[in-house]
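Everything numeric here is computed off the predicted structure, so don't read it as measured data. The chains referred to below are lettered A, B, ... by the order of the sequence lines, with proteins before strands, and numbering in each begins at 1.
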2 protein chains.
Amino acid sequence: MSYMTAVNAEPPLWRLIRDSLEAALAGGEYPAGTPLPSEAKLAARFGCAIGTVRRAVDELVAARALVRRQGKGTFVPDIDAMARPLRDGPDRTAFYFFHIRAEGGARLLPETELLDFRASVPCPASIAPHLGVAPRAPMIVARNLQRIGGRPVVLDELWLPKVLFPGLDRAAFAGREGTVYGLYQKGFGHSVIRTDERLRAVAAPTEVAAAFGLAPGAPVLRIQRIALAIGDRPVEMRISHADTREHEYFNTLA
Amino acid sequence: MSYMTAVNAEPPLWRLIRDSLEAALAGGEYPAGTPLPSEAKLAARFGCAIGTVRRAVDELVAARALVRRQGKGTFVPDIDAMARPLRDGPDRTAFYFFHIRAEGGARLLPETELLDFRASVPCPASIAPHLGVAPRAPMIVARNLQRIGGRPVVLDELWLPKVLFPGLDRAAFAGREGTVYGLYQKGFGHSVIRTDERLRAVAAPTEVAAAFGLAPGAPVLRIQRIALAIGDRPVEMRISHADTREHEYFNTLA
DNA sequence: AAGTGGTCTAGACCACTAG
DNA sequence: TAGTGGTCTAGACCACTTC
């Protein structure tokens, strides 16, 4: 007569807890620097054992939405801290969203130069569906030139739904500290944890060829990226062209 | 005076168990069809609680070296079964090692035609270090043309250390059922679970241009892949050229 | 019915960080 | 010293598969 064995609908408890935490993270609680409640407190709040909370947090850690630090707490990872090479131990988390490396293998972080910034451009029909916005919705468009070791290697075109980045202007964009994704996180609460990319080899458009000192029509790598924040919310579309004469796009699968 | 609290050197028990299991898998025990001992039996064998075994197995499942099937057991995944679209549920495991898709998005598996097979070629110095073999070590070289919907899209050149594939000849290679990686797994015990890829845009070599019906020098995507089996052992290097006029290389990160 | 993996509990003890 | 996450235990019960 186990009348107290709970209802037990379909989804396991740890999944409900994971989704609840994910929603809280997507909703902007617990910004990058502040710790989550301790596992014991979360267990009390959800009325379950600590092990169940740990199972939920494990998932979010695997999805790169959280990091644990023994003795300190559990945090939303700081994207800029990740992008910077770590002192202690190998920099496995570095370069997570930057995959262009020199042929030899030495990993250098790029220097970014803002070429152009437009605060309100109607969204083309080719981009709107990827970001889940209406066609002709107002967008912010920026173009960057990235140099590695002084040499221009990547030309970026960024498309941001204006509604997700209220008040973002050229000064804030150019004057940021750290990476673009760090700005999305600290300025607007969008923690990018996943990207979908599509790559093609194309003949260099004239502007790209000029930037890289290439003959017109020379082969360049075209990368179309969609950046997704914690709840799989798309926040940026980026079209990049890379000069792969002396650099390569690296990809490790699974 | 806790004289029985165990030695507790550095590595946690679950890691030792994980490594032990990984070594057994790399050593060829438990081939694709046969289940591992049950978690209870493994716990007894290692003299620990079931939860500790589960922690170790969890890691190998995350690394795609094992799959659990409730009610049946824990298995080495069958690569060909993964590569085939699944009936039940979304085919999230399909296309794991094949990233070229039609522009629209419809995923078609390619048909492969063997163009060339050479049973013993000395390994070039440019390839040897990637596979951990000595320069001029004997290699098997194969070239494939892959068609998607009848259209030639990818030209592959495969380099295999002969020592890892004893007895592999053209007939066995061409007459296989399933994918190349399925052959590696079922014929030689090398379960590929990870790949490292480097991509560039290059001018099409003449032979590639001819195969794709491209003008000489047209841009094509060059993919250099190293395939790694369970213990991070490199087993294949592959240089592919892809026609990305109507197809794209897809990549989802983390 | 028996055997498998999946969920959840309750608690002990360890390792690390901070005040 | 107190609080955090990390490891490990021992066991209950559930869901699925096979006989």
Side-chain angles (χ1 to χ4, degrees), chain A residues 1-21 30 33-62 64-77 81 86-89, chain B residues 1-21 30 33-62 64-77 87-89:
Chain A
M1 285 314 232
S2 59
Y3 54 91
M4 272 308 268
T5 45
V7 283
N8 223 350
E10 274 302 315
L13 179 53
W14 64 261
R15 187 117 43 94
L16 300 178
I17 296 172
R18 181 201 61 180
D19 292 346
S20 170
L21 290 174
Y30 318 123
T34 67
L36 262 65
S38 73
E39 296 177 343
K41 290 201 183 79
L42 286 173
R45 170 181 309 179
F46 288 110
C48 68
I50 288 182
T52 304
V53 167
R54 282 187 67 80
R55 179 77 163 86
V57 173
D58 281 344
E59 292 266 316
L60 293 170
V61 169
R64 305 169 37 76
L66 290 175
V67 292
R68 293 198 229 252
R69 285 192 236 162
Q70 192 177 39
K72 300 177 77 171
T74 301
F75 303 79
V76 174
L86 308 177
R87 297 149 217 173
D88 46 346
Chain B
M1 289 308 227
S2 58
Y3 54 91
M4 273 308 269
T5 45
V7 284
N8 224 350
E10 274 302 315
L13 179 53
W14 65 262
R15 186 117 44 90
L16 300 178
I17 295 174
R18 182 201 62 180
D19 292 345
S20 170
L21 290 174
Y30 319 124
T34 68
L36 261 65
S38 74
E39 295 176 344
K41 290 201 182 79
L42 287 174
R45 169 180 309 180
F46 289 110
C48 68
I50 287 182
T52 306
V53 167
R54 283 187 66 80
R55 179 75 162 86
V57 173
D58 281 344
E59 291 266 317
L60 293 169
V61 168
R64 303 168 39 75
L66 290 175
V67 292
R68 292 197 231 251
R69 286 192 235 160
Q70 191 177 42
K72 300 177 78 172
T74 302
F75 303 79
V76 173
R87 297 149 216 175
D88 47 345

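Heavy-atom minimum distance, B/A65 versus B/P77: O-CD, 3.3 Å. Heavy atoms only, all atoms of each residue included: A/A56 and A/W14 are closest at CB-O, 3.4 Å. When every heavy atom of B/P35 is checked against every heavy atom of B/Y30, the shortest pair comes out as O-CD2, 4.2 Å.
If you take SG on A/C48 and CZ on A/R55, they are separated by 13.0 Å, rounding to the nearest 0.5 Å. Distance CG/A/L16 to CZ/A/F46: 9.5 Å, rounded to 0.5 Å.
Comparing D/dT9, C/dT17, C/dG6 by their nearest atom to the side chain of B/R54 picks out C/dG6. Distance from the side chain of B/Q70 is smallest to D/dC16 among C/dA18, C/dA15, D/dC16.
Of the residues in residues 34-52 of chain B, B/S38, B/E39, B/K41 come within less than 4.0 Å of DNA chain C through at least one heavy atom, sorted by number.
Between B/L66 and B/V76, some side-chain heavy-atom pair lies under the 4.5 Å cut-off. Counting only heavy atoms from C-beta outward, the side chains of A/L60 and A/T74 never approach each other to under 4.5 Å.
Between B/L60 atom CG and C/dG5 atom C1' the separation is 16 Å, expressed in whole Å. We find that CZ of A/R55 is positioned 17 Å from C1' of D/dG6, with the value rounded to whole Å. Counting to the nearest Å, the C1' atom of C/dA15 and the CZ atom of A/R69 are 17 Å from each other. Note: CD (A/E10) to C1' (C/dT7) measures 13 Å, nearest angstrom. D/dC13 atom P lies 18 Å from atom CG of A/L13, rounded to whole Å.
Phosphate proximity of C/dA18 to A/K72: present, with a side-chain N or O under 4.0 Å from OP1 or OP2.
Remark: DNA chain C takes part in the stems C:1-18 with D:1-18, each of 3 or more antiparallel Watson-Crick or G-U pairs, criterion distances under 3.5 Å.
Partner B/L42 forms a side-chain contact (heavy atoms from CB on, under 4.5 Å) with one of B/L21, B/I17, B/I50, B/T52 and no other, that one being B/L21. A salt bridge (Lys or Arg N to Asp or Glu O under 4.0 Å) with A/E59 holds for exactly one of A/R64, A/R18, A/R54; it is A/R18.
Between A/G71 and A/W14, the residue whose closest nucleotide on DNA chain C is further toward the 5' end is A/W14.
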